[in-house]
There are 2 protein chains.
Amino acid sequence: MPPTMKEKILDAAEKRVRGAGFSAMSFRDLAGDVGIKSASVHYHFPTKPDLGEALVDRYTSQFKEQLDQIDTSDLQTALNSYVALYSQALVLDESICLCAIMGAEAIGLPKNVNQKTKTFFKMNRTWLLELLQRKGVQNPDDTSCLIVAALEGGMIVASPSNDRAIFDQIAKAAIQSVTKI
Amino acid sequence: MPPTMKEKILDAAEKRVRGAGFSAMSFRDLAGDVGIKSASVHYHFPTKPDLGEALVDRYTSQFKEQLDQIDTSDLQTALNSYVALYSQALVLDESICLCAIMGAEAIGLPKNVNQKTKTFFKMNRTWLLELLQRKGVQNPDDTSCLIVAALEGGMIVASPSNDRAIFDQIAKAAIQSVTKI
DNA sequence: TTGCGACTATCTATCAGTTGATAGGCAATC
DNA sequence: GATTGCCTATCAACTGATAGATAGTCGCAA
């Protein structure tokens, strides 16, 4: 089935937020992107906080689906697949992780959006924690925290330089730390 | 000597950007903060990119000054002092590191601002690298990258939850990884 | 000493463009 | 005939930026 207008709006919003941030995205931008008027965007998402909440919610669900498809039989392979998801999210000069920017802007964002962003990070940490515990890794709690922070931070450090190598190096270092903390 | 108007504007701008982001900050906000009119802010900083550049530049200089005051005779003490600088920058519900948000917004920001943000991260990595090399730590290059990313990312992960414990845990894990990568 | 020009730092007033949001109409569908 | 999904039209507020006026300060020459 073809995407609904609601989905098309969310697609456009995700692209814009991941590119320039939540506060830099407007209803008129989105309307232009999907070929309707801004008043019609308000029909689907009454307010900007509503839109933001739906956006992070959908992003989290989609990310979770991808996590669930990762083959976790081998630890190193699983971690590499996990990093690959973040690596995919980082398209230099185009986009970073949605929740990296939502987290960075958090102080100025509505509470409902922050709640959803919090859930995204929590979900990531939980997934990693379970994996590391199952594999008998030492300090799984600290390590899962570190990996999520390093990957999100890696995008932010790499983005102004537009240098993918920095992100890759950080990701590599984060994975190496697993077996050694 | 009392702060100049230029400095007062930068102070106000830093507070606002670290709270809500660069694109969410306006010349009128700043004018109100320091008690002049927005046209007068333009006198000191002709355009918004000019202001952004000066802002990151000053932030980097001030951070560098603090780095240079750290006692580096003992590795653990030095790392703890380094983390303390970031910890200071993270005032939950109020502000995160200026360059965390500038890095997150990078794609939509003017080039001159990104250049300065890049310099901030580079300066951090260089300082850490020299410290780790001097102390004979293994893989100093990877490790310095990881620490910067983890701390910046730690703020972003902690901010939506408004939970300082998450940042502290990440910082601890990052420091622990030094002796073990 | 006086006076003049340049400079600094602010002001008022204004601009065109954008913002999130609402009211109300209109056609298609169920 | 109610609901859905869009539309036009409009709103007050805000945005970055500019033009031009004004008052104060400083250095220097008559």
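Throughout, protein chains are lettered first and strands after them, A, B, ... in sequence-line order, and every chain is numbered starting at 1.
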Stepwise salt bridge (Lys or Arg N to Asp or Glu O under 4.0 Å) test for A:Asp33 and A:Arg16: CA-CA 10 Å; A:Asp33 291 342; A:Arg16 287 196 174 267; 2.6 Å; yes
Minimum-distance nucleotide to B:His42 side chain [options: D:dT18, C:dC11, C:dA9]: D:dT18
Audit row: A:Asp29, A:Lys15, salt bridge (Lys or Arg N to Asp or Glu O under 4.0 Å) steps and yes/no: CA-CA 11 Å; A:Asp29 289 337; A:Lys15 195 168 182 179; over 6 Å; no
Spacing between A:Leu30 atom CG and C:dA21 atom C1', to the nearest angstrom: 14 Å
Cationic N near anionic O, under 4.0 Å, A:Glu14 to A:Arg58: yes
Cationic tip of B:Lys37 above B:Tyr43 ring, under 6.0 Å, 45° of axis: no
Those residues of residues 20-29 of chain A lying under 4.0 Å from DNA chain C by at least one heavy atom: A:Met25, A:Ser26, A:Phe27, A:Arg28
Of the listed nucleotides C:dT10, C:dC11, D:dA9, the one nearest the side chain of B:Ala39: C:dC11
N or O in side chain of A:His44 less than 4.0 angstrom from D:dC6 OP1/OP2: yes
Whole angstrom value for the distance that separates P of D:dA23 from OH of B:Tyr43: 18 Å
Length of the line joining A:Leu51:CG and C:dT19:P, which is rounded to integer Å: 14 Å
Electrostatic pair A:Lys172-A:Asp168, nearest N-O below 4.0 angstrom: no
Sugar-phosphate, base or nothing in reach of A:Lys37, heavy atoms under 4.0 Å: base
Protein-nucleotide distance (A:Ile9, atom CD1; D:dT4, atom C1'), rounded to Å: 14 Å
Gap separating the CZ atom of B:Arg134 from the OG atom of B:Ser73, nearest 0.5 angstrom: 10.0 Å
d(CD, B:Glu7; C1', C:dA9) in whole Å: 16 Å
Stacked cation flag B:Lys6 on B:Phe45, 6.0 angstrom / 45 deg: yes
Interatomic distance, B:Leu109 CG vs D:dG16 P [rounded to whole Å]: 13 Å
OP1 or OP2 of D:dC7 under 4.0 Å from side-chain N/O of A:Ser40: yes
